[in-house]
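Structure, as structure tokens:
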There are 2 protein chains.
Amino acid sequence: MLEQAKSYRTYPAGTTIVGAGEMLTHFSSIVIGCATLSRTLEDGRRQNVGLLLPSDYIGRPGRSRSAFDVVALSDTVLCRFERTEFEKICRTTPHIASRLLTMTLDELDAARDWTVVLGRMTAREKVASFLVNLARRQSRVDMAPLPENGVTVRLPLSREEMANHLGLTIETTSRQITALRKSGLIDTQGSRYIRIPDFEALAIEAGDDEDGGLIV
Amino acid sequence: MLEQAKSYRTYPAGTTIVGAGEMLTHFSSIVIGCATLSRTLEDGRRQNVGLLLPSDYIGRPGRSRSAFDVVALSDTVLCRFERTEFEKICRTTPHIASRLLTMTLDELDAARDWTVVLGRMTAREKVASFLVNLARRQSRVDMAPLPENGVTVRLPLSREEMANHLGLTIETTSRQITALRKSGLIDTQGSRYIRIPDFEALAIEAGDDEDGGLIV
DNA sequence: GGGCCGGTTTGATTTCGATCAATGCGGTCC
DNA sequence: GGACCGCATTGATCGAAATCAAACCGGCCC
């Protein structure tokens, strides 16, 4: 059933996997790599609405077109099911459907959490929140708990893509990273690696009252 | 089955239906009224992450606590199912589960759309977007198509709640409404009624390239 | 009526992030 | 090596929205 319908496909970094409004022939999940879900306004303003990491899925049963652009940030391998085939599987395998619902509800919570960041946080808090979220997700993907002292995060995005995620410009994003470094909250190693010496301290800077449990 | 497990409950305007982090004993849907889904940061900043109108639901199978505050804006009647009972129904009635998935996917798209508004739009565009969205949703609830000329929207929220929805302050929200009125894009009748003489014009102001079809 | 009270509007000023504009930095190609 | 190119950082200035502060308005109670 599931096994037979499965196929894999690789997208090089920078490729558009699906454009907004285009047909989504497959339901896929990310095996390796990283992609963004974004929208571009006519005048060129762009906003990322999601960051897809391994185990995240693309596409949805019952909707044939994508509402957003899906762009591979790094070389990305997708595990794919033909959409109508997948819908059939959903109907006949309650367990899959229920798992999908749980994942979707989690994504909904994450999207709403992000809404708070975009609507009410300062540039500094936005950057701090993003790093905290990314560190949590990466530790979850790696199946390793956050080390007590010193986490290193690999940024899968350029400054421009970070800015699009945060609703900021490249310049302010860069300035805030510099500012966080000067405050001793982070350490930079090239532009793609950030070490967080005290995770709790950064989480506080992110205005994150919640206990950042790994399992959400 | 469904019929027997059902109960109704009314919440007066201003009441908190569930607080963030509290137990969610029921899965409910709004019958009459209007509620917000919001989060408050320690320093008092507040962001609405959703506006719940009739037919929207509150709660989720598989999660016992609410991630957000749910507050009734007007007197609100909920149709409720005991949560564990509802989960049982979901497992045994694939049709319900699949309907719930569709609704959740729609909410996810809406949350992501809103993310774009919060992240990249100006105050004027935010207010215009909100009015356009609200008009579309109200016309859907009323099951009536948007009249070609002149829609009147009843705002179920105060300026403060609008500001919390838009990631703005009360003052800028109010100023933008005044500005849209002076531009002839809207007409105000008291602070809770807004008439939109030319819906398309307002949609353009909202940076809305999409054809705002009623059925999404 | 008059006074109060909550919400809304309007005004003056400040501030944070955007914009405009260099400069820096690492990699690659000649 | 040197020139170039794409990205990132830093600097100077501008502007949109926040903040501070004052009217305004409608409803309600005395």
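Because the structure is a prediction, the values reported are computed rather than measured.
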Can you tell which of dT19(C), dG11(C), dA18(D) lies closest to the side chain of Arg175(A)? dT19(C)

Rounded to the nearest Å, what distance is computed from the CG atom of residue Asp43(A) to the C1' atom of nucleotide dT19(C)? 15 Å

With rounding to the nearest 0.5 Å, note down the distance linking CG in Leu168(B) to CD in Gln176(B). 7.5 Å

Length of the CG-P vector between Leu180(B) and dT9(C), whole Å: 12 Å

What about Glu171(A): does its side chain form a donor-acceptor pair under 3.5 Å with the base of dC20(C)? yes

Parallel, tilted or perpendicular for Phe81(A) and Phe86(A), by the 30°/60° rule? tilted

Among dA18(D), dT19(C), dT10(C), the one nearest Thr169(A) by side-chain distance: dT19(C)

Residue Ser191(B), side-chain atoms from C-beta onward, closest of dG17(C), dT8(C), dA18(D): dT8(C)

Give a yes or no on whether Arg154(B) atom CZ has more than 12 heavy-atom contacts from other residues, nucleotides or ligands under 6.0 Å away. yes

So, do His165(B) and Phe130(B) have ring centers that fall under 6.0 Å from each other? yes

Across the strands shown, which category fits Leu168(A) at heavy-atom distances under 4.0 angstrom: base, sugar-phosphate, nothing? sugar-phosphate

Can you tell me how far P of dA8(D) sits from CZ of Arg181(A), to the nearest Å? 14 Å

Rounded to the Å, how far apart are Gln47(A) CD and dA18(C) P? 11 Å

Closest of dA17(D), dA18(C), dT10(C) to the Thr172(B) side chain is dA17(D)

Atom CE of Met121(A) and atom P of dC16(C) are separated, to the nearest Å, by 17 Å

Nucleotide dT9(D), atom P - distance to CE of Met162(A) in whole Å: 9 Å

What integer distance in Å separates Tyr193(A):OH from dA8(D):P? 14 Å

To 10°, what angle do the rotation axes through the five end pairs on each side of the helix from dG1(C)-dC30(D) to dC30(C)-dG1(D) form? 20°

To the nearest angstrom, how far is Ile170(A) atom CD1 from dG24(C) atom C1'? 15 Å

What verdict does the side chain to side chain contact (heavy atoms under 4.5 Å, CB included) test give for Val127(B) and Ile177(B), after you've listed the backbone C-alpha separation in whole Å, the side-chain angles of each residue and the deciding distance to 0.1 Å? CA-CA 7 Å; Val127(B) 172; Ile177(B) 289 176; 4.0 Å; yes

Check if the side chain of Arg124(A) and the base of dG17(C) share a donor-acceptor pair of N or O atoms closer than 3.5 Å. no

Please compare Arg120(A) and Arg192(A) by the position of their nearest nucleotide in DNA chain D and report the one closer to 5'. Arg192(A)

Steps toward side chain to side chain donor-acceptor pair (under 3.5 Å) verdict (Arg124(B), Ser183(B)): CA-CA 11 Å; Arg124(B) 184 185 178 95; Ser183(B) 307; 3.0 Å; yes

Looking at Thr178(B), does any N or O in its side chain come under 4.0 Å of the phosphate oxygens OP1/OP2 on dT10(C)? yes

